[in-house]
Structure formats: C-alpha cells, structure tokens
There are 2 protein chains.
Amino acid sequence: MKPVTLKEIAEQLNISITTVSKALKDYPDVSKKTRKLVRETASMLNYKPNSFAVNLRTKESKTIGLIIPVIVHHFFSSVIKGIISQAEKKGYLVIILQSDESYDLEKKQIDLLLSQRVDGILISLANETAKFDHINEVLAQDKPLVMFDKIAKIVKCSKVIIDDRKAAYTATKHLIDIGCKRIAHFRGALLPQNSIDRFLGYKKALLDHNLPYDPSLVYICECGDMSFEEGKTNAKKLLKDHSDVDGIFINTDLVAIGAMTEFNKQGVKIPEDINIVGFSNWFMSSVISPTLTTIDQPGYQMGKTAFKQLYKEIKAIKNKKPKEPKIITLETELIKRESTKS
Amino acid sequence: MKPVTLKEIAEQLNISITTVSKALKDYPDVSKKTRKLVRETASMLNYKPNSFAVNLRTKESKTIGLIIPVIVHHFFSSVIKGIISQAEKKGYLVIILQSDESYDLEKKQIDLLLSQRVDGILISLANETAKFDHINEVLAQDKPLVMFDKIAKIVKCSKVIIDDRKAAYTATKHLIDIGCKRIAHFRGALLPQNSIDRFLGYKKALLDHNLPYDPSLVYICECGDMSFEEGKTNAKKLLKDHSDVDGIFINTDLVAIGAMTEFNKQGVKIPEDINIVGFSNWFMSSVISPTLTTIDQPGYQMGKTAFKQLYKEIKAIKNKKPKEPKIITLETELIKRESTKS
DNA sequence: GTTACTTTCGAAAACGTTTTCGATAATATA
DNA sequence: TATATTATCGAAAACGTTTTCGAAAGTAAC
C-alpha cells in the first residue's frame, strides 16, 4: 500500500536508482532501450514522483501564494480565476489566503507563505495596510512578489493595475459631457490607493472643466459587505442635503445599485433627474433596470497578467538575473448604458 | 543570503543538530537552559524550518486540495471562504483548482493533487462527471476525500450536503399553501444530483397535494454563466406556452431574477399574477424589487463543515483508524419575501 | 566504593529525489 | 594490436529535517 519509489522500479529491473531517475527525465546517457523499459514499468506501477523529495532537492515547489482581501466578491473572484487558469498552464498550483482587509492577518499570512517556501507571492493589499515591512521582507529575500489592484506606490516591486485616476476622470468627464453641472462622488475608504486615485481623477475632471470642487459632495463608503446598504444610505443623505445634484460618480457598481434602488424608491428618475456612473462593470450592472453606465475593470485579465509577470520573475531569479520591477497598466473602458443620458 | 538551517544554529552554539531540533520541539530530554538558548538564537537568525524537508520526513504537507466547478459564483466563493478560514485555524493551506464543469479537467486535477501529495481533497463535482474512477482511486489510496454540494450518491465517501429534495419540497409546498394551482419548475442540468433532487422534491410536493405533474411545465437551464439570460428566455417561453401558470419554483436565484426581469418587462405582476421561489439566497435576492422568496443555502457553513470532516479523516488515517464515510446534511430554510403572496 | 537511576546529549539512519563524477564496456581510429 | 573515443551505467553526496538508540555524565542509594 506504500507509494512506489524509484528504488522499487530499480529493483524490479535490476538497475540502479540513478539510471531510473535519469531514464524518466530523458537523460541522453541512458540507452533508448532502458529508457523505454523504465518508462513502461513506471507507468505499470503507477509511479508518481514524491514531490516532497523533489522540492527538497530542487528547492522549488511549483506553488505560489495568493493573498486577497476578500474572496466573495465578483471582481476578486474573477482575478482568482485568471490567476489559477494561467498558473495551471505553467504547472503551478495556487495557495489562497484571505486577509479580510486586516493588516495583522496579512502579515501573518505573508509569514506563512514564506515558511511554506512558495516560489512567489501575488498580493492585493488589505485596506488597513499602511506599513510595508512584511512586503519588504519578501523582497529582501529575493522572493518574487507582484501586487495587483490594491497596491502601494511606495513599495518597489512589480504591479498590475488599472489607471484609476484616468478611469475616474473619464467617468466624470462623461457626466460633464452630457451636461451635468453638479456632480457628487461616492468614494471608497480613505487608505487604499485606488480609492484615492479615483477621487483625484474625479476632482481633476471637475477643475479641468471649470466646475467647482465641493468637498461636501464627496461621500465615503467602505465598499465592504455593506456596499449595497451604503449606496442606499448615502443616496438618502445626498437627496436631503444636496437636492440639486444631477450626476454621481460612484466608486463601485454595487454601491451604485444600492443608490439607484433608493432613487427609484423616492421617485427620482434616472437618468432624467440624476445621472449615475459606477465602477467595475459587475455582471449585474448590464442586467438591472435601468442598466448602469460604468467603467469596465478587467479582473480576469488582471489575474492572468499578474501571474505572467510573477512567472517571469520566478524564471529570472532562477537564472540569477536581476528582476526589475515593472508596472503594468491595464486598459479600462467606459461602458455607456441607460443610467446616463445619451 | 541562504536560508538559515538547523545546522547553522548548531554550529553557532557548538551543539548538535539533533539537540537543536529537539529543543525547538520542546523535547523533554534537552535541558531548559539549552532549550532557551536555542530558541533565542533561532529567532535571532530568523530561522524558518524548511517545509520541504519537514514534509519529506513527516510525509504530510499540511496542505489540502480543493476542486470546484466554478469560482466566480456567489455560493461557491462562500464555500471557499468557509474552507479556507477553517483550514487556517488548523494550520492547513488550501490549493484551489477549478474544473470548469469538465470531467476531463477534474480527472487531471485529481491526478495533480495526488502527485502533489496533499493531505486530503475536497471536491464538488463537475456537472459533466458521470464516471468516478478518479475519485475511487483517491479513496483506494486511503487518502481522505470529502464531497460537498455536487456529490455522487454511488461513491462511498463522506459528504456534506443539504437535503435538496426536502428543500425543494418546502419551496413548492409554500407555493401550494398560498394557493397556486399550476406550478412550473425551472430545473438545472440533467446530471447533477442536486438538480435531480430538487426536481424530485418539486414533483413529490405536487403529487402529495393532489396537483397533477405536467412535464411540459419543467424547463431546463444549465445554471452556468448564462443563468440570468436563461431565466429570461425560459420566462418568455413559459408565458407563451402556459399563460395559466401561477407559480414557479426556480432552481437558482440568478435564474429567478432573470425571469422576474422578463415578467416585469411584460407587465406580469409578481406576486399577484405569478409567485416565484428561488434557490440559494443570493445576497442580491433581498435587495431587488420585489425581494425574492428563496431557500437559504448555507455556503460558508458548508465549507467549514466540509473541512472539519476532512480534518477528522486526516487525523483518523494518521492514527491508522478506519475512516467511516459520514453524510452530513445541513439545514436549509425557506425565506419568505415579496415575490410570493403572504 | 559500587550499583542503579536520571539527566542530557549526539551519532546515525531515514525520507526520495537529483546530479556529479568516475568506472566500465563497447566501438572506432591509428 | 594498441589507443582514443563514445555509450552506458552506478556509487555517493546532497537537500534539511525527525527520531531512535545508545553513550556519557551526574546524582542517588546502599
């Protein structure tokens, strides 16, 4: 009942373990005849190399780690899918950990992955994360790491992102182009870079087009589990305090849908009374009524790209070449739908 | 720049590797003094045990494999979260693979996990899967495996499921209780056990309450990426062919929401003209208008439970105890909302 | 002072693979 | 026939840990 080893194949054929190992790896210094023989008995005995031993010898595990703030989330689960599918193509397995937006957990998990000796790490930072010692420790060990989506500009490593500022600018400009004069913004939490960038893009679009920037029109929401509710409550507040608003750029589709629900309820017409642009192009956004104008954020592609970059760095390290941090910006697209006037 | 090993700690302190190893594992046969000393220098040198070597020695990797049909899916991503969080508590890491509902891929992935020598496997079967040799191979190797959600009754292994038949019965009975006389069913694909069971529960509820079972009222949808669209098209067909239907039990919330969209569009009132019960309690179901009556399917808890069972079996195997297949049925709950009359 | 027991340590084997290097046998070259 | 070359193999070390078993030293008992 014990797993088959090289030794058993060797004994069966009365040759040495060395030769068996070499035969299975197509070394040129073993004759075609024995190579064939070894192959056959190996598959006959259903031999599977002991990965623990292989790992120990080769010092690599063909495994990478992935730390992600939340899993139950359309965008992030798309990223996961992208990563896994690409990793599988290259023969890598993916260990997934969820930081739950907690810095402490994230730190522990980095530690866990390091002691597990994964070949590389992919990470999207927790909202809470403001110190980066744990990330820098990884980099100091020359272990490949690439960040995606929730990144830190300070850290010198490869990143896969979208141009949040530009995308937000485009979204806001769209509202301006269709004639909105008083544009609000529902932004994300304060720390994450992308939530900051989206805010800055919004602000710049206003100023570039001679519209005043009014801080009281910016509402904050955490964009966590309560996104939908946050959309509703912020919409309620907005209607009470600023009934003159005619457009909103909202950090996330789910928040936007929450807001739209509230507007519907209060009889505020979309897009006649108020225009709405969301962010991320959640699959429900093309499905609700009215359909939601939004920025398409390519999660699956981001996952694929992040893994590809990590793979390059793994190869580079293996060949003792210096890995140079690369920042890859993915294209986003404004998708015009019914929630904004045409 | 090389990682610290036991050897280096030993040399630093002029003691043997053995003693260092024992000290770190609190063996009683090393004096408190040296134990403390070893600990201190270990943490000073930032020693991390080489997991490859540990795995090789102990023959376990503290890693499990998870094969799942789709990742980008609210229910399944909830399960993943449940598994990961529970696994983390017990010091296990989770490798995730996506079968994409393909039998061939699933088979390959089982093979991959076996050759990776994970300590156990969690799996939710692909829709396509109708042969179970790959699963039986795992069981034959005495490797712990537990199925969840999409299971096969034939296979003798532990399973975590809900009572789909009972849940469907409850859902259908609810429609009967509120006075529906002509009840349709949008079922899932033909192979999966849970889609079969839900259909059977629907049928039994009808017959138990003296309503005729009419096969032409049963519509099939794959419940894949196109769920929402399937809901719409099936609703369209239904309205054309059976305008007398006054209730539908729909396999999945997303399909139900698609159907509701179509009904709304055609001016069919919910619940006045037609009552709808969904399945799985997707978070959007409490949020759309009208809110959707549905069966709550506890994904997170299912993930947790599945891991716990797997953990038990891992321990059992380790202690050479026979593992006996256990079938755990989780409770579901009918959640009454606005899409059915009260 | 001898015996028995306890405390503390280390040598060595084992886990299963990969790879270097040298040895032998077979073949080609002169 | 003697020498150089090639083809084929295997011994052995190494990867870093865990664990068994025996040895040495110290303490207690008589």
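All values below come from the heavy atoms of this structure, side chains included, with hydrogens, waters and symmetry mates left out. Below, chain A is the first sequence line, B the second, and so on; all start at residue 1. Computed from a predicted structure; not experimentally measured.
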Among C:dG16, D:dT18, C:dT17, find the nucleotide with the atom closest to the side chain of A:L6.
-> C:dT17
Whole-Å distance separating the CZ atom of A:R35 from the P atom of D:dC9 | 10 Å
Determine, for B:D29 against B:K22, whether the closest basic-nitrogen to carboxylate-oxygen distance falls under 4.0 angstrom.
-> yes
Side chain of B:D29: nearest nucleotide among C:dC9, C:dT18, D:dG10?
-> C:dC9
Please give, in whole Å, the distance from D:dC15 C1' to A:R117 CZ?
-> 11 Å
Regarding the side chain of B:I15, the nearest nucleotide among C:dG10, C:dC15, D:dT8 is C:dG10
Rounded to whole Å, NZ of B:K33 lies from P of C:dT7 at a distance of 16 Å
Classify the side chain of A:S16 versus the base of D:dA11 as yes if they form a donor-acceptor pair under 3.5 Å and no if they do not.
-> no
Touch class at under 4.0 angstrom, heavy-atom based, for A:S21 against every strand present = base
Given that B:V30 and B:K59 both sit by DNA chain C, which one's nearest nucleotide is further toward the 5' end?
-> B:V30
Between A:T19 (side chain) and A:I17 (backbone), is there a donor-acceptor pair under 3.5 Å?
-> no
Within the structure shown, what part of the strands sits under 4.0 Å from B:S31 by heavy-atom distance: base, sugar-phosphate, or nothing?
-> sugar-phosphate
May I ask you to say what A:N50 touches in the nucleic acid, namely base, sugar-phosphate or nothing, with a heavy-atom cut-off under 4.0 Å?
-> sugar-phosphate
How long is the line joining OH of B:Y47 and C1' of D:dG16, in whole Å?
-> 7 Å
A:K150/A:E101 salt bridge by N-O under 4.0 Å criterion = yes
Whole angstrom is fine here: how far is it from OH in B:Y27 over to P in C:dG10?
-> 16 Å
Can B:E60 and B:K143 be counted as an ion pair, charged N to O under 4.0 angstrom?
-> no
Side-chain donor/acceptor of A:K22 to base of D:dG10, under 3.5 Å | yes
Can you tell me how far P of D:dG10 sits from CD of A:E11, to the nearest Å?
-> 13 Å
Does the D:dT18 base have a donor-acceptor partner in the side chain of B:R57 within less than 3.5 Å?
-> yes
Sidechain N-carboxylate O distance under 4.0 Å for B:D133, B:K107 = no
Grab the NZ-P distance between B:K7 and C:dA11 for me, whole Å please.
-> 13 Å
Under 4.0 angstrom, heavy atoms only, what part of the nucleic acid is A:F52 near: base, sugar-phosphate, or nothing?
-> nothing
Examine C:dC9: is either OP1 or OP2 under 4.0 Å from a nitrogen or oxygen in the side chain of B:T34? Give yes or no.
-> yes
Can you tell me the distance, in whole Å, between the CD1 atom of B:I9 and the P atom of D:dG16?
-> 13 Å
